[in-house]
Q: 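Please find one structure pasted underneath; my questions will follow.
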Amino acid sequence: MDTKTLASDMAGLAEAARLLRAGRLVAFPTETVYGLGADATSEAAVAAIYTAKERPSFNPLIAHYANAEAAFDDVLANPVAEQLADLFWPGPLTLVLRRGPHCSVSRLAGAGLDTQAVRVPAHPLAHQLLAATGRPVAAPSANRSGRVSPTTAAHVLDGLSGRIAAVIDGGPCAVGLESTVVDLAGPRPALLRAGGVTLEALLAHLPDILVPEPAAENAPRSPGQLLAHYAPELPLRLNAQTIGPEEALLAFGPALPGAALTFDLSPAGDLGEAAARLFAGLRALDAGGRARGLSSIAVMPVPERELGCAINDRLRRAAHESRT
Ligand code: AMP
Ligand code: MG
């Protein structure tokens, strides 16, 4: 299959919506990362996502909507869900809620659970695509399962060229980290995945939210919490205070001197800039480091606050995969 690159104009969006409605796979930009979209109401289209990504079929997918009303037609809202939707939608927050009686999302997208994850993305192209498609769109990150998430159309093509119908090129993603996932289906709200909406912002409205220990190795409630995820091929060494001769450097703030290859997430130490550049940095150091015969990627410490929590979560997963 030839994967088309579609322009982010009216014609490109119309073609993307046509392909989605025909059950084909289309990658598209969101403010978090590029999503691999499929008509969420079609079992066959959703099944094609798992095949293209080589994703374990137990991993449930997020359904994306043009607005909150459409989302709450499929899942059972509650006052907390409505409050969070008012505050953070459109935006990088995913809510896990019980499937409603007329839920249009395929059972396969929810991996057979009685809950469904829903989100209204803020990226204008994602919004226009969802509105034009007129159906919920299931969209995990547009990368092969377990690999680094894509934040440009070129990253998508790296992993999925020939496996999907098209990608809309909308330039780099602004947030650069996946959405924050909050489970509202149980008796108490629970953070399932750190992401683009910070824990600090959530705590202001949900003081009783359950938060897992960072990198706890207990059984994951959300498959996205599997430690082996987001992995480059070179091993990662976290909290590096020094740099070895065979190491590439992922820097934060002023870079350690002397590395053979350096990617600075944010020379000024800005967590938002670092989040937006994280996955591109991991890709650049992985490819560049291997080309130069380097043996690992040293990662300077990133503060454990605001978006730093989500950045460190992704780095710990990448490092864990490297060790196994
Ligand atoms: P991705 O699609 O790669 O951004 O990952 C989706 C994230 O949402 C993963 O962490 C999933 O495990 C999580 N998720 C999706 N649906 C559910 C659900 N019904 N219950 C719990 N977690 C979910
Ligand atoms: Mg993913």
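Remember, it's 1-based here, ligands and their atoms both numbered in the order they're listed. For clarity, every value in this text was computed on a predicted model and none was experimentally measured.
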Q: Are the charged groups of R277 and D264 less than 4.0 angstrom apart, N to O?
A: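 Salt bridge between R277 and D264, a charged N being under 4.0 Å from a carboxylate O: no.
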
Q: Answer yes when R292 and E247 have at least one side-chain N-carboxylate O distance shorter than 4.0 Å, and no when they do not.
A: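 No, this pair does not count.
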
Q: Do W89 and V118 touch side chain to side chain, with heavy atoms closer than 4.5 Å?
A: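 W89 vs V118: side chains touch.
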
Q: Please confirm whether L192 approaches ligand 1 to less than 4.0 Å, judged on its heavy atoms.
A: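 Per 4.0 Å heavy-atom rule, L192 contacts ligand 1.
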
Q: So is R55 polar-close to ligand 1, meaning N/O to N/O under 3.5 Å?
A: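 Checking ligand 1 against R55, an N or O pair does fall under 3.5 Å apart.
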
Q: Where the closest heavy atom to atom 14 (N) of ligand 1 is concerned, which of P60, S145, G110 has it?
A: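 When every heavy atom of P60, S145, G110 is considered, P60 comes closest to atom 14 (N) of ligand 1.
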
Q: Please report the C-alpha distance between E246 and S296 in whole Å, then the side-chain angles of each, then the deciding distance to 0.1 Å, and finally whether the side-chain hydrogen bond (donor to acceptor under 3.5 Å, both in side chains) criterion is met.
A: CA-CA 7 Å; E246 306 235 300; S296 59; over 6 Å; no

Q: Where does N59 meet ligand 1, judged by heavy-atom distances below 4.0 Å: at the side chain, the backbone, both, or neither?
A: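 The side chain, only.
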
Q: Under 4.0 Å, heavy-atom basis, I'd like to know which part of R99 is in contact with ligand 1: side chain, backbone, both or neither.
A: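 For R99, there is no contact with ligand 1 at all, from either part.
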
Q: Distance under 4.0 Å to a non-hydrogen atom of L113: what atoms of ligand 1 satisfy this?
A: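 Selected atoms, number and element: 18 (C), 19 (N), 20 (N).
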
Q: Short check: any N/O/S atom of S149 below 2.8 Å from the Mg ion (ligand 2)?
A: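 Within the cut-off used here (under 2.8 Å), S149 places no N, O or S atom near the Mg ion (ligand 2).
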
Q: State yes or no: do L184 and L76 share one hydrophobic cluster built from I, L, V, M, F, W and Y residues joined by side-chain heavy-atom distances below 4.5 Å, directly or via other members?
A: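 Hydrophobic grouping puts L184 apart from L76.
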
Q: List ligand 1 atoms under 4.0 Å from S141, heavy atoms only on the residue side.
A: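 Under 4.0 Å from S141, ligand 1 has these atoms: 3 (O).
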
Q: Tell me, yes or no, whether the heavy-atom count around D208 atom CG, taken from other residues, nucleotides or ligands under 6.0 Å, exceeds 12.
A: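 For D208, atom CG is crowded (more than 12 foreign heavy atoms under 6.0 Å).
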
Q: Considering V182, T180, V75, V96, which one's heavy-atom position lies nearest to atom 20 (N) of ligand 1?
A: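 Looking at heavy atoms only, the winner is V96.
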
Q: Among T115, I49, T30, which residue places a heavy atom closest to atom 19 (N) of ligand 1?
A: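 The residue whose heavy atom sits nearest atom 19 (N) of ligand 1 is T115.
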
Q: Mark up the atoms of ligand 1 that fall under 4.0 Å of a heavy atom belonging to A117, in ascending order.
A: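 Contacts of ligand 1 toward A117, numbered from 1: 15 (C), 16 (N), 17 (C).
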
Q: When you measure from the side chain of S179 to the backbone N and O of L93, does any donor-acceptor pair fall under 3.5 Å?
A: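 It does not hold such a pair.
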
Q: For the backbone of S104 and the side chain of D74, can you confirm whether one donor and one acceptor N or O come within less than 3.5 Å of each other?
A: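 Confirmed, D74 side chain pairs with S104 backbone.
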
